[in-house]
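Okay, structure first, notes after.
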Amino acid sequence: MQIKRDFYLNKLISKKNNGLIKVVTGMRRCGKSYLLFNLFKQHLLDVGINEKHIIEIAFDAFENKKFRDPEVLFSYLNDKITSEGNYYILLDEVQLLNEFEAVLNSLIRRNNVDIYVTGSNARFLSKDVITEFRGRGDEVHMYPLSFAEFMSVYSGSKQDGWNEYMLYGGLPLVLNFAEPEQKITFLKSLFEETYISDIVGRHNIRNKAELEELLNILSSAIGSLTNPSKLSATFKSLKKKTISHATIKKYLDYLCDSFLIDSAMRYDIKGKKYIDTPLKYYFTDMGLRNARLNFRQLEETHTMENIIFNELKIRGFNVDVGVITQNVINNLGNGVRRQLEIDFVCNKGSRRYYIQSAYAMPTNEKMEQEQRALLLTGDFFKKIIITKDTPAPYYNDKGVLIMNIFDFLMNPNSLEN
């Protein structure tokens with residue numbers, strides 16, 4: 001089964017021969033190697049590139065272990081690049097290559113070499129490494145399958161596909177398994193043996209149990225406002241453990257670094273400034289999140305919010321949590337300030353959208369509740385409520401666009417239309 005990843009493939013094609021090192025990042029098993037060695041390589045062959053001019057090395061393969069030595073790699077490449085014409089070098093898991101920054105900078109200086117690399121963690125794309133690239137790095141960040149990509153190979157109805165996607169997520173390898181038990185076993189094993197082991201080994205974590213407890217807490221509270229102080233208090237009250245704020249902050253950074261989770265900062269819309277803390281955390285893949293909780297805690301409302309967040313990130317938006325402060329009179333007749341929240345403030349260039357995730361709006365009161373914060377922004381950017389129970393998109397009498405989750409996910413231009 002071949003899954004088209006045209007969104008990412010077209011990004012690579014558009015960057016071809018631009019003189020920069022194309023770096024494909026993303027969580028493990030999201031399809032980076034397949035994109036590079038199958039889809040992009042096939043594109044090169046289709047446009048007439050000689051196969052001898054395509055050099056591919058997966059550094060995590062045992063037979064390629066010798067190439068982690070830059071001297072060996074350079075000798076090999078010099079033997080391969082023997083004639084005129086462009087050569088395309090595809091390198092998988094490049095962080096395993098010793099001195100890879102210097103190696104890549106040297107290779108890109110050749111006029112007839114175009115370089116594409118993948119890596120599974122953000123560490124090798126830190127500010128220091130980008131400095132070492134001297135402005136020659138061009139990142140393409142890859143996510144697990146979007147719902148539209150998932151449905152492109154799913155044979156059932158949209159509702160059945162939604163149920164599967166919510167439960168097992170969008171890692172492409174999950175689609176290789178027919179039975180629920182196989183999917184569950186795969187995801188639980190992948191989380192424990194790959195993601196956790198990778199983080200523990202990379203960062204020399206001594207207390208693996210603490211990291212796992214933190215993952216359990218985050219998994220149980222996706223989309224909830226939190227920070228290291230609150231998480232430390234949760235450990236103390238529920239787990240009877242004392243863990244410092246600094247340690248929790250470090251663990252959160254590790255989880256973001258591995259692309260397991262992502263965060264959204266709070267943004268004061270009228271004050272036009274960020275609020276440092278607390279933040280919201282979302283899982284990059286719902287199947288992995290559910291595996292962390294043994295598939296016990298399945299709330300469609302929170303899951304839908306997480307999936308909307310991921311879709312917005314896939315589309316290249318910067319995503320924040322909107323905050324609006326309103327002055328109101330309480331029951332005692334006193335003036336008080338209250339904060340209203342907009343689930344997502346999405347920015348890309350000059351475009352901005354305000355989005356609320358509302359599983360259902362069965363009453364006018366619910367509609368008023370969901371749109372209250374949207375109507376207080378004081379600007380003319382599009383305001384949208386995404387629901388599960390709206391048959392077709394429409395604008396209500398306040399100018400708010402009400403959209404079904406399937407219309408949003410299946411149409412990449414749904415926000416612009």
Side-chain angles (χ1 to χ4, degrees), residues 5-41 43-44 56-60 88-97 99-109 113-146 149 170-172 195 198 202 253-265 282 284-285 309-320 346-349 351 412:
R5 310 298 302 270
D6 289 346
F7 179 76
Y8 305 103
L9 177 60
N10 290 332
K11 279 191 173 186
L12 287 182
I13 293 172
S14 71
K15 298 173 185 292
K16 197 165 60 174
N17 300 315
N18 67 358
L20 300 175
I21 302 163
K22 274 65 71 175
V23 187
V24 184
T25 62
M27 71 189 312
R28 291 194 183 278
R29 306 294 184 267
C30 73
K32 302 184 302 298
S33 303
Y34 186 81
L35 171 68
L36 210 56
F37 289 162
N38 293 77
L39 300 179
F40 185 66
K41 180 183 178 182
H43 159 76
L44 294 175
E56 50 187 300
I57 300 173
F59 289 106
D60 60 344
Y88 295 86
I89 300 178
L90 317 181
L91 306 176
D92 192 27
E93 301 294 357
V94 75
Q95 74 273 9
L96 298 175
L97 168 62
E99 302 179 68
F100 70 87
E101 304 99 323
V103 172
L104 296 179
N105 277 324
S106 294
L107 288 172
I108 201 64
R109 290 191 179 96
V113 168
D114 198 21
I115 304 172
Y116 300 78
V117 304
T118 77
S120 293
N121 62 77
R123 183 179 60 161
F124 79 102
L125 282 175
S126 67
K127 291 179 181 177
D128 291 339
V129 172
I130 291 297
T131 301
E132 290 297 323
F133 280 158
R134 296 177 177 84
R136 294 191 176 97
D138 194 355
E139 182 183 7
V140 174
H141 187 67
M142 193 173 192
Y143 288 83
L145 299 176
S146 68
E149 288 173 326
L171 292 179
Y195 293 102
D198 186 43
R202 189 190 315 153
D253 288 343
Y254 295 162
L255 294 171
C256 290
D257 181 67
S258 65
F259 304 122
L260 266 176
I261 63 173
D262 201 352
S263 63
M265 292 183 65
Y282 295 96
T284 304
D285 182 76
F309 174 82
N310 288 342
E311 180 67 23
L312 292 168
K313 297 290 285 190
I314 289 170
R315 296 185 189 185
F317 286 99
N318 296 311
V319 185
D320 304 309
C346 318
N347 294 286
K348 187 196 294 184
R351 287 180 288 163

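- Side-chain contact between Tyr195 and Arg29 is present, with at least one heavy-atom pair separated by less than 4.5 Å.
- With Asp257 contributing its side chain and Asp253 its backbone, the two residues share no donor-acceptor pair below 3.5 Å.
- Taking every heavy atom of both residues into account, Arg315 and Lys348 meet most closely at O-NZ, 2.6 Å.
- Ring geometry, Tyr282 versus Phe309: the interplanar angle falls under 30°, so the pair is classed parallel (tilted spans 30 to 60°).
- At least one side-chain heavy atom of Lys22 sits under 4.5 Å from a side-chain heavy atom of Asp114.
- Atom-to-atom distance recorded for Leu90:CG and Leu44:CG is 6.5 Å, nearest 0.5 angstrom.
- Under the 4.5 Å side-chain criterion, counting only non-hydrogen atoms from C-beta, Arg136 is in contact with Asn105.
- Contact of the Ile21 side chain with the Leu107 side chain is not registered, since no non-hydrogen atoms from C-beta on lie closer than 4.5 Å.
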Checklist entry - Are Leu91 and Leu104 close enough, and set up right, to give a side chain to side chain contact (heavy atoms under 4.5 Å, CB included), and what steps lead you there? => result CA-CA 10 Å; Leu91 306 176; Leu104 296 179; 4.0 Å; yes
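- Smallest separation of non-hydrogen atoms from Gly119 and Gln95: CA-OE1, 3.3 Å.
- Side-chain contact between Val94 and Val103: absent, with no pair of heavy atoms (C-beta onward) separated by less than 4.5 Å.
- Remark: Lys16 pairs with no residue by the salt bridge (Lys or Arg N to Asp or Glu O under 4.0 Å) rule, at least two apart or across chains.
- Going from atom CE of Met142 over to atom OH of Tyr34 covers 10.0 Å, rounded to the nearest 0.5 Å.
- Here the closest heavy-atom approach between residue Cys346 and residue Leu312 is recorded as SG-CD1, 3.5 Å.
- Crowding of Glu99 atom CD: a count of heavy atoms from other residues, nucleotides or ligands under 6.0 Å not exceeding 12.
- Asp285 pairs by the side chain to side chain contact (heavy atoms under 4.5 Å, CB included) definition with Met27, Pro144, Leu171, Leu288, not counting sequence neighbours.
- The heavy-atom pair separating Lys41 from Phe37 by the smallest distance is CB-O, 3.4 Å.
- Remark: side-chain polar atoms of Tyr8 are not paired, donor with acceptor, to backbone N or O of Lys32 under 3.5 angstrom.
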Next on the checklist: For Tyr116 and Asp138: C-alpha separation, side-chain torsions, deciding distance, then whether side chain to side chain donor-acceptor pair (under 3.5 Å) applies.
Outcome noted: CA-CA 10 Å; Tyr116 300 78; Asp138 194 355; over 6 Å; no
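- Here the shortest heavy-atom pairing between Gly31 and Arg5 reads CA-NH1, 4.4 Å.
- Between the side chain of Thr118 and the backbone N or O of Ser33 there is no donor-acceptor pair closer than 3.5 Å.
- Within the model, atoms CG of Leu9 and NE2 of His43 stand 7.0 Å from one another, a figure rounded to the nearest 0.5 Å.
- Between Arg28 and Glu93 there is a salt bridge, since at least one side-chain N of the basic residue sits less than 4.0 Å from a carboxylate O of the acidic one.
- One N or O on the side chain of Asn310 and one on the backbone of Thr284 form a donor-acceptor pair closer than 3.5 Å.
- The heavy-atom pair separating Ile314 from Ser146 by the smallest distance is CD1-CB, 4.0 Å.
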